[in-house]
Amino acid sequence: MEPLRIHQGLVYPLNRSNIDTDQIIPKQFLKRIERSGFGQFLFYHWRFDDDGNPRPDFSLNDPKYKGASVLVAGENFGCGSSREHAPWAVQDFGFKIVIATSFADIFKNNCVKNGILAIQVSEEQVQTIMKMAESEEYTLSVNLEDQVVYDNEGFEVKFDIAPYPKEMLLNGWDEISVTLSYEDKIKQYELAHK
Amino acid sequence: MHTPKTIIQKIWEQHVVQQEEGKPDLLYIDLHLVHEVTSPQAFEGLRMNERKVRRPDLTFATMDHNVPTRQRLVINDPISKKQIDTLQQNCQEFGVTLADIHHPDNGIVHVIGPELGLTQPGKTIVCGDSHTSTHGAFGALAFGIGTSEVEHVLATQTLWQAPPKTLNVKVNGKLGTGVTAKDLILAIIGKFGVQFGTGYVMEYTGEAIRSLSMEERMTVCNMSIEAGARAGLITPDETTFEYLRGRRHVPQGAAFEEAVAQWKELATDVGAVYDAVVEIEAAEVEPQVTWGTNPGMCIPITANVPNPDQVDQPSKKDEINRALEYMGLDAGQPISSVKIDHVFIGSCTNSRLSDLRNAAEVVRGRKVNPAVTAIVVPGSCSIKLAAEKEGLDEVFKEAGFEWREAGCSMCLAMNDDIIPPGERCASTSNRNFEGRQGNGARTHLVSPEMAAAAAVAGHFVDVRQFTAQEVF
Ligand code: SF4
């Protein structure tokens with residue numbers, strides 16, 4: 001996993017609440033047995049019509065958001081299924097940061113495992129960012145070490161993140177290797193619970 | 001004096017392998033259930049890093065999401081076939097027990113775990129599937145995980161988890177006649193919203209919960225995730241022990257009685273404090289129907305579809321408008337006036353023997369409305385057999401239902417069981433998200449009884465009045 005310390009990128013605003021993982025990646029694309037290549041299916045039924053042509057009225061198809069790497073959405077982002085294909089699709093499409101009013105637990109967990117930073121801020125702050133990104137080409141910067149999101153015009157917001165996911169993201173650690181360093185403890189537990 | 005604890009805290013503490021300030025706990029996992037959709041990349045990860053499955057004996061696999069329900073062995077979609085074959089190969093290579101498509105134990109992962117007695121009180125249970133919360137019905141701490149975590153559990157039999165907050169969902173009084181466990185959980189989510197459980201593990205308590213059967217408890221716990229909670233559980237009691245007695249993977253004879261004695265210790269202590277409490281009166285719950293595109297968008301069968309003009313908050317207004325448009329409904333129309341094209345009785349929420357019995361009772365001697373296509377998909381091969389032994393298949397077939405093979409089927413439409421765009425389905429499953437049952441498909445979540453009654457009437461009806469009518 002690549003470490004994530006400082007990121008600067010174009011913002012894509014998706015002003016909806018309760019965006020579930022069935023919308024992030026519809027189930028017909030879960031059949032692949034690889035980890036990569038899911039970006040093309042992100043928000044598939046919102047992006048494409050039944051014939052596979054881009055829907056002009058869906059904002060992600062607007063060329064002005066091409067290359068966006070910061071996704072901003074409303075509350076309860078990523079609810080529903082545990083499918084990790086959802087963060088895989090988000091990441092493969094090019095997003096490194098997701099900002100929302102709140103996240104579903106499993107989705108948030110899955111993000112950390114894949115080096116995506118999920119940032120929770122207030123409804124008011126989300127709406128401020130949405131407005132900026134809807135009206136102009138809007139870039140945000142994120143500094144994970146200092147836990148702050150800011151733009152060039154003086155907007156700045158601090159965010160909370162637990163120490164463990166922060167450390168994982170900053171260092172890009174492989175969690176299984178970390179855990180295997182506790183092999184003795186796991187063995188002890190197993191012996192005590194035979 | 002010990003501090004009184006909740007069952008959630010007790011199970012947690014019994015499974016901590018490693019604890020350190022400022023870090024999540026390393027939790028031992030007693031049972032890891034695996035299915036074909038969320039595991040291929042995890043096994044691939046093991047292979048790439050030359051790792052083994054640490055405890056194949058605590059790992060159990062099944063295939064369910066892609067399994068065809070007309071002819072089990074004919075998988076037309078080559079990619080589905082590949083996923084099924086991949087699981088087969090992975091289980092063989094890593095020594096994991098698999099109830100494959102040919103096996104009599106095969107079925108939906110959350111149905112067969114309890115059936116085989118793999119699911120037991122006090123266990124930590126995970127699966128790469130959000131409805132793992134189902135197993136909480138037995139007083140287990142059971143939650144869904146992503147594929148990276150699946151790989152982590154395969155390799156280490158543990159997970160890093162921050163201790164959850166605890167939430168007591170208290171259900172007072174008794175459910176009325178014709179009102180089911182499905183109506184109860186829908187009403188709870190309707191009342192408190194689709195994210196009131198986020199960050200919590202829920203414990204369901206109260207008179208109404210205690211009087212539920214094991215199968216009904218599974219229906220309730222199954223949908224905890226639809227309230228945002230990764231896990232929901234119920235303290236085990238005599239109902240739990242009687243259900244488990246004699247099942248294949250539980251201790252037998254004297255060892256079973258010893259296990260029961262331990263399981264009894266799990267109950268939440270008197271005076272234990274939860275981080276939050278919500279309450280609901282069971283007697284006030286009516287049969288529910290969802291009208292929108294998440295499970296919280298539900299109303300009693302006697303009510304009307306919401307009118308966005310009566311809502312002040314602009315974002316809520318938008319959400320209702322978008323849902324009404326997707327669902328093809330008019331603001332304020334009575335939900336009972338909504339005509340349906342399909343009925344699906346199945347899924348890990350409502351495909352157990354009692355669900356099928358209850359639905360069969362509603363349709364016995366009646367006919368499915370000619371405008372409706374109705375299917376029944378049992379949750380497992382053994383449920384299918386048991387139902388056939390009782391003649392339930394005949395009751396359904398005579399009424400005009402299709403009687404299918406076991407699997408997830410139309411719950412998420414990954415196999416060939418798909419609702420066409422714009423068509424409407426009364427479904428006993430757990431998610432009414434856009435496109436869940438097929439691109440453009442419109443899903444209404446209901447109980448098996450309500451689904452059966454709707455199949456006959458051709459539109460939603462109040463099952464409490466419907467069953468009172470004579471059959472001609
Ligand atoms: S029946 Fe539906 S919800 Fe249950 S495991 Fe299968 S797909 Fe998931």
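What's counted below: heavy atoms across the whole structure, side chains too, no hydrogens, waters or symmetry copies. Each chain gets a letter, A, B and so on, in the order its sequence line appears, and its residues count up from 1.
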Is the backbone of [Y] close enough, under 3.5 Å, to the side chain of [X] for a donor and an acceptor to pair up by distance?
| X | Y | answer |
| --- | --- | --- |
| A:D105 | B:T198 | no |
| B:Q41 | A:R32 | yes |
| B:E434 | A:Q23 | no |

Query raised in the report: After noting the C-alpha distance and the side-chain angles of B:R436 and A:D20, does the key distance pass the side chain to side chain contact (heavy atoms under 4.5 Å, CB included) rule?
Result: CA-CA 10 Å; B:R436 174 81 176 176; A:D20 59 75; over 6 Å; no
Query raised in the report: Would you call B:D77 and A:K31 a salt bridge, taking side-chain N to carboxylate O under 4.0 Å as the test?
Result: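 Looking at B:D77 and A:K31, the cut-off is met.
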Counting heavy-atom pairs under 4.5 Å with chain A, which one of [options] comes out on top?
| options | value |
| --- | --- |
| B:V16, B:T293, B:L412 | B:L412 |
| B:A229, B:G228, B:P24 | B:P24 |
| B:I79, B:V37, B:T147 | B:T147 |
| B:E226, B:R51, B:E151 | B:R51 |

Would you name the heavy atoms of [X] and [Y] that are closest together and state the gap between them?
| X | Y | answer |
| --- | --- | --- |
| B:G438 | A:K27 | N-NZ, 3.6 Å |
| A:L180 | B:A155 | CD2-O, 4.3 Å |
| B:G146 | A:N110 | CA-OD1, 3.2 Å |

If you count heavy-atom pairs within less than 4.5 Å of chain B, which of [options] leads?
| options | value |
| --- | --- |
| A:K108, A:H85, A:E167 | A:H85 |
| A:N76, A:D50, A:T21 | A:N76 |
| A:K185, A:Q28, A:E84 | A:E84 |
| A:P163, A:S81, A:A104 | A:S81 |

Query raised in the report: Is there a side-chain contact between B:V194 and A:C79, using heavy atoms and a 4.5 Å cut-off?
Result: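 B:V194 does not reach A:C79 side chain to side chain.
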Query raised in the report: Within a strict 4.5 Å, meaning less than it, do heavy atoms of the A:I186 and B:Q157 side chains meet?
Result: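 A side-chain contact is absent here, since even the closest heavy-atom pair is not under 4.5 Å.
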Report task. Classify the side-chain pair A:Y189/B:Q18 by whether it contains a donor and acceptor separated by less than 3.5 Å. Result ->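 Absent: no donor and acceptor within the cut-off.
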Requested in this report: Verify the distance criterion only: is there a donor paired with an acceptor across the side chains of B:Q195 and A:S102 at less than 3.5 Å?
Outcome: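 Checked: B:Q195/A:S102 side chains pair up, N/O donor to acceptor below 3.5 Å.
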Report the distance from atom [atom1] of [X] to atom [atom2] of [Y], rounding to the nearest 0.5 Å.
| X | Y | atom1 | atom2 | value |
| --- | --- | --- | --- | --- |
| A:R35 | B:E44 | CZ | CD | 9.5 Å |
| A:F107 | B:S130 | CZ | OG | 14.0 Å |
| A:D22 | B:R431 | CG | CZ | 6.5 Å |
| A:I176 | B:S148 | CD1 | OG | 8.0 Å |

Report task. Show the numbers, then the answer: is there a side chain to side chain contact (heavy atoms under 4.5 Å, CB included) between B:K82 and A:I33? Result -> CA-CA 8 Å; B:K82 185 164 179 201; A:I33 58 166; 3.7 Å; yes
For [X], is it the side chain, the backbone, both, or neither that has a heavy atom closer than 4.5 Å to a heavy atom of chain B?
| X | value |
| --- | --- |
| A:Q188 | neither |
| A:F103 | backbone |
| A:K166 | neither |

Can you say whether [X] sits under 4.5 Å from chain A via the side chain, the backbone, both, or neither, judging by heavy atoms?
| X | result |
| --- | --- |
| B:S80 | both |
| B:N49 | neither |
| B:I225 | side chain |
| B:K316 | side chain |
| B:V150 | neither |
| B:A162 | neither |
| B:H15 | both |
| B:T158 | side chain |

Query raised in the report: A:E183 and B:R54: side chain to side chain contact (heavy atoms under 4.5 Å, CB included), yes or no, with the steps?
Result: CA-CA 11 Å; A:E183 173 65 26; B:R54 181 181 181 91; 2.9 Å; yes
Query raised in the report: A:Y164 vs B:W160 aromatic rings, parallel, tilted or perpendicular, using cut-offs 30° and 60°?
Result: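 Tilted: the ring planes of A:Y164 and B:W160 meet at 30° to 60°.
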Taking atom [atom1] as the centre, does [X] end up with more than 12 heavy-atom neighbours from other residues, nucleotides or ligands that are less than 6.0 angstrom away?
| X | atom1 | value |
| --- | --- | --- |
| A:D160 | CG | no |
| B:E325 | CD | no |
| A:K64 | NZ | yes |

Requested in this report: For chain B, find its close neighbours in residues 111-126 of chain A: heavy-atom separation under 4.5 Å, sorted by number, or none.
Outcome: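 The stretch touches chain B at A:K113, A:N114.
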Requested in this report: Given side chain to side chain contact (heavy atoms under 4.5 Å, CB included), test A:Y182 with B:L26 step by step and report yes or no.
Outcome: CA-CA 9 Å; A:Y182 292 94; B:L26 188 63; 4.3 Å; yes
Query raised in the report: Do any pairs count as a salt bridge (charged side-chain N to carboxylate O under 4.0 Å, His left out) and have a residue in residues 17-41 of chain B, sequence neighbours left out, and if so which ones?
Result: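 Of all non-adjacent pairs touching residues 17-41 of chain B, none passes salt bridge (charged side-chain N to carboxylate O under 4.0 Å, His left out).
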